[in-house]
Amino acid sequence: MLEKNFDPKSFEQNFSFEIEASLRKPKAEPFMVLLPPPNVTGSLHIGHSLCYTLQDILARYKRLRGYDVLFQPGLDHAGIATQLLVEKRLYDSGVEKKSLSREQLLKEIWLWKENSGDVVVNQMKILGISCDFSRQRFTMDEGAKKAVAKMFVRLFKDGFIYRQKKMVNWDPFIGTAISDLEVVEREVDGRLWYVKYVLANSDECITVATTRPETIFGDVAVAVNPDDCRYAHLIGKKVVVPLTDRKIPIIEDKYADMAKGSGAVKITPAHDFNDFLVGERHKLDVIEVIDARGELNENVPEIFQKMDRFAAREKVVELLDKMKLLVRAEDIKQTIPFGDRSGVALEPRITYQWFVDAEKLSIPAISAVKDGKIRFIPKHWENLYFEWLSKIRPWCVSRQIWWGHRVPAWYGPDGQVFVEESYEEAMGKAVEFYGKNTIELTQDADVLDTWFSSGMWPFITLGWPDKTDDMKRYYSKTTIVTGFDIIFFWIARMIMMGLHATGNIPFRDIYIHGLVRDEKGQKMSKYKGNVLDPVDLCNKYGADAVRYTLASMSSPGRNIKMNDRAVENGRNFLTKLWNAVRFSQLHGCTSNKRFDPNAVNSPLAKWIIYHAKNAITDVEQALESYRFDEAARHIYRCVWNCLCDWYMEFIKPILQTSHINPNEENSATDDAADAVGENNKLRDYDINILLAKNDLRNTAAWVILQLVRVLYPFCPFISKKLMGEIGVVDTEWPDLSGVNISFDQDVKEIELLKNVITSIRSMKQCLRISVGEKLPVSMEMTNADAGKFLADYGDILYRMAGVVAEERLMQSISIVVDGAVIRIGLGEGVDLLQEKKRLCNEKLKLTETHDEILLRLDNSEFLEKASENVIIEHKERLESIRDRIQKIDYVIQSLEIVE
RNA sequence: GGACGCUUAGCUCAGAGGUAGAGCGCUACCUUCACACGGUAGAAGUCAUAGGUUCGAAUCCUAUAGCGUCCACCA
């Protein structure tokens, strides 16, 4: 028997899903859910919870539907993020990074990884994510190392990877190059300084506007627009770079925008992407003045050397001002690039880096989606994917940090590079190349962008580059669930790399979910303090409630505004279900394997089976089309609005009439007829009651079981718990294909019963008659036997509507329900005015609708063009409205008589 | 500057050619033996605006506005 209080904590920890997650079904159709590996650095935030919950729902659903599901977890080494984190921790404990060697730092990071890698895994278990933890992988485990080296070498040898000295985005805080994607543009308050550049051998000046005066030492030209008559006479002349004695030319280039600044722009090819291009066009020198740490280097006057770029900026301005070279300064808003990890302003720098020719790789990646081999859900995310891929630039994959996959390239003494999977192979090639045996090779110091290995995740996890059975079986049979924010970072790269490495798509479906925001729609951040911790929520409301809530709020293409109240709603629903099961237990509704839903006689039973079947079919359809919200809603409505609100209320009065000893009754539950046979003292009447009761009980148990089963993917803990209570061990998806209960006369009769009850209640409320007061009722029905109806459902009507069937009524009021007229006897002193008002109102509205429909039916064009069904529907509706108006009129008249 | 998304009840959101829906909140009543994390009955909406297509538009199309996001650029 279930405990009275629903307390998720009391049972959630008793369930573990590891065994079922690791179960393989070699004969079933394979299906893979590719879990985006979380960073080792972290703990799960609510966004992960959403992502993993949706995946888990898919995985569990597919398992129930008989698929062989591989749901494999892993962790991402998250190069820069992890290294920064560990460095910070070391720093906090008094260890400077500079004092550590590469090996020492790596040792520290591995140590930290070993100690904290479990955090995420444990959190996933709390959430009930059923991935196969026995197959957990890490993006830097031995297999991954081998695969990454293989991939790099293959791309290099196929001409997709090259090393080049090029301008890249450089993060001076971390001291590494980063890719374009890791750049975030941010608007900041800036200042535009107008600086006088004096012409060589002349007093004449040209004013140049700049936001970065500290790069003045790297200036190699001043550019003006060829059409700019203000400066035409200066072209070809030379100016002196302020604070130095270096002379640079004034050149003409269309890049100079006459409308911006002074129209004359300084050209600093070493520290600006546009200037670099101008420099190339005019074959200008490149003078680097800022180093890897953002400090000014030896190419600047001595007083500026080793100075931080921002300090130098102030100093330069100060000196310029002092020398009367500063014309003015203007406060402006400017958007400048920052590093997404470090948060510092980036510095374009020219360095040697490794690049992936993403443009070439993108071509098959684009067609895979264009040809429909890979689907985005919702589809509109394809646009974003195409847009980015169509203008993709070379992907800088080398990073000047230590934590990551080392670039598999070795250099000979003369700088000759050998790109091979191992030192031994590189040495082999070197020996061949140099024609001698003792060669000193040094490995490239850089590591690869984390996303390089992440991009290989779909096949690394299956054992690539080995030709494994898993690879053959699961690769490409995959659905991936993720947020749109990593379509570029991850999705696009997995497709590009997957196609190139294996010749096959890495996954079929990409489900893009929304982002989880706070209740105001703002991004959650520790800084703002609006973070919802999923583990906290699980503790407070239970993991199932969190899962259910996330799923039910996950409508396509929309972000989720999350707060505690939303989760409360989910928790309330589970409480309701819990109590429904308790109810069934208290009333002896036990699951009976021999129960045949097609064989039930009671219209009540048919009614709930009909609705349960529909709901479950709807859930299936919703899940097949990734409509987690709809699926959750269908379960909710069936449990609460059908089962609890109606069916259970219906059967209460029936189950509670005790015509026979409840103990005998219980023993008879399994097979009523046998039990009755043994007890031949029972009257026929009691036998019928007993059979009917058993029908209703079995149906309740059966419906609950089916609903608990479909809830399983969403809320596995409570589902397991309740199944245990019901006495069912195996989780399976309900097979309702054989259930053939249609919307027949019996089911319609119950719909009528519902409406009768609602109408009587409504009327009572309107007349301020207390619910407890029992009123006599009689009834007329057009197409059925009213006497039988009242006899069949008398107990229910008594209990749910507070009416007692009586043949003759003295003073009565009538209400109209679905073609039936119900007369209800009234006591003294009831104020009928309210009811009359209500009826008149209803009549008014009905008349309006009636006229509208009539207008349409009078329209020849409507009759000509509308589909036959629609016309029939309109006619039927018109009829029923007419009927109702007529009856309301009759009721209003009768009210007047009563008065 | 380019692209995408959103605008439906007080709030959060479903609905996608033919009766306007849910949850929360609100109002009134009910502590009835599954459940107050509950029950019953209610109130509440020119479906952002303007045009168009259609017999018929919240739903399709086109503009406009507001909000949001992404990409690009900015001496």
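Computed from a predicted structure; not experimentally measured. Every chain is numbered from 1 and lettered A, B, ... according to where its sequence line falls, protein lines coming before strand lines.
Proximity of A:R558 to the phosphate of B:A14: a side-chain N or O atom is located under 4.0 Å from OP1 or OP2. The side chain of A:N579 contributes no N or O atom lying less than 4.0 Å from OP1 or OP2 of B:C37. At the phosphate of B:G39, OP1 or OP2 sits under 4.0 Å from a side-chain N or O atom of A:W640. Distances shorter than 4.0 Å separate none of the side-chain N or O atoms of A:S860 from OP1 or OP2 on B:C55. Between A:S555 and B:A14 there is a side-chain polar atom (N or O) within less than 4.0 angstrom of OP1 or OP2. When the side-chain nitrogen and oxygen atoms of A:R571 are compared with OP1 and OP2 of B:C37, none of them lie within a distance under 4.0 Å. Between B:C71 and A:K391, no contact under 4.0 Å exists linking OP1 or OP2 to a side-chain N or O.
For B:G68, the paired base is B:C4 (Watson-Crick or G-U wobble, both distances below 3.5 Å). Nucleotide B:G23 forms a Watson-Crick or G-U wobble pair with B:C11, both donor-acceptor distances falling under 3.5 Å. Nucleotide B:A43 is matched to nothing when pairs are restricted to Watson-Crick or G-U wobble geometry with both distances under 3.5 angstrom. Under the Watson-Crick or G-U wobble criterion, with both distances below 3.5 Å, B:U49 is paired with B:A63. The nucleotide B:U54 finds no pairing partner, because no Watson-Crick or G-U wobble arrangement with both distances shorter than 3.5 Å includes it. Both distances falling under 3.5 Å, in either a Watson-Crick or a G-U wobble arrangement, occur for no nucleotide opposite B:U32.
At a cut-off of 3.5 angstrom, counting only N and O atoms as typed in the model, there is a donor on one side and an acceptor on the other between the side-chain of A:K576 and the base of B:C35. The base of B:A72 lies outside donor-acceptor range of the side chain of A:E387, with no N or O pair under 3.5 Å. The base of B:C35 is not paired with the side chain of A:T575 by any donor and acceptor separated by under 3.5 Å.
Between A:T849 and A:E852, the side chains place no donor N or O within less than 3.5 Å of an acceptor N or O (distance only, hydrogens not considered). Side-chain contact check for A:H587 and A:R697: no donor-acceptor pair (N or O, by modelled atom type) lies under 3.5 Å. For A:D629 and A:S552, the side-chain atoms include no donor-acceptor pair closer than 3.5 Å. There is no side-chain donor-acceptor pair under 3.5 Å between A:R212 and A:T268.
Nucleic acid contact for A:L192: sugar-phosphate only, since backbone atoms but no base atoms lie under 4.0 Å from a heavy atom of the residue. Within the nucleic acid shown, A:A223 has no heavy atom closer than 4.0 Å to any nucleic acid atom. Contact annotation for A:G263: base contact, defined as any heavy-atom pair under 4.0 Å involving a base atom. Using a 4.0 Å heavy-atom criterion, one finds that A:T758 contacts the sugar-phosphate atoms exclusively. Across all strands shown, A:R191 has no heavy atoms under 4.0 Å from either base or sugar-phosphate atoms. At the heavy-atom level, A:F573 lies nowhere under 4.0 Å from the strands shown.
Between A:F6 and A:P556, the residue anchored nearer the 5' end of RNA chain B, judged by the nucleotide with its closest heavy atom, is A:P556. Both A:R838 and A:M648 sit near RNA chain B, but only A:M648 has its closest nucleotide nearer the 5' end.
Aromatic ring centres of A:F376 and A:W381 lie farther apart than the 6.0 Å criterion allows. Aromatic pair A:H513/A:F628: ring centres not closer than 6.0 Å.
Of the candidate nucleotides B:C55, B:U40, B:G38, B:C55 has the atom lying nearest to any side-chain atom of A:N859. Listed candidates were B:G18, B:C35, B:G42. Nearest to the side chain of A:E873 is B:G18. When distances run from any side-chain atom of A:N572 to the nucleotides B:G18, B:C37, B:A34, the shortest one goes to B:C37.
For the pair A:R633 CZ and B:C24 P, the interatomic distance rounds to 14 Å; values are reported in whole Å.
Of the candidates A:L50, A:D518, A:L550, A:M562 forms a side chain to side chain contact (heavy atoms under 4.5 Å, CB included) with just one, namely A:L550.
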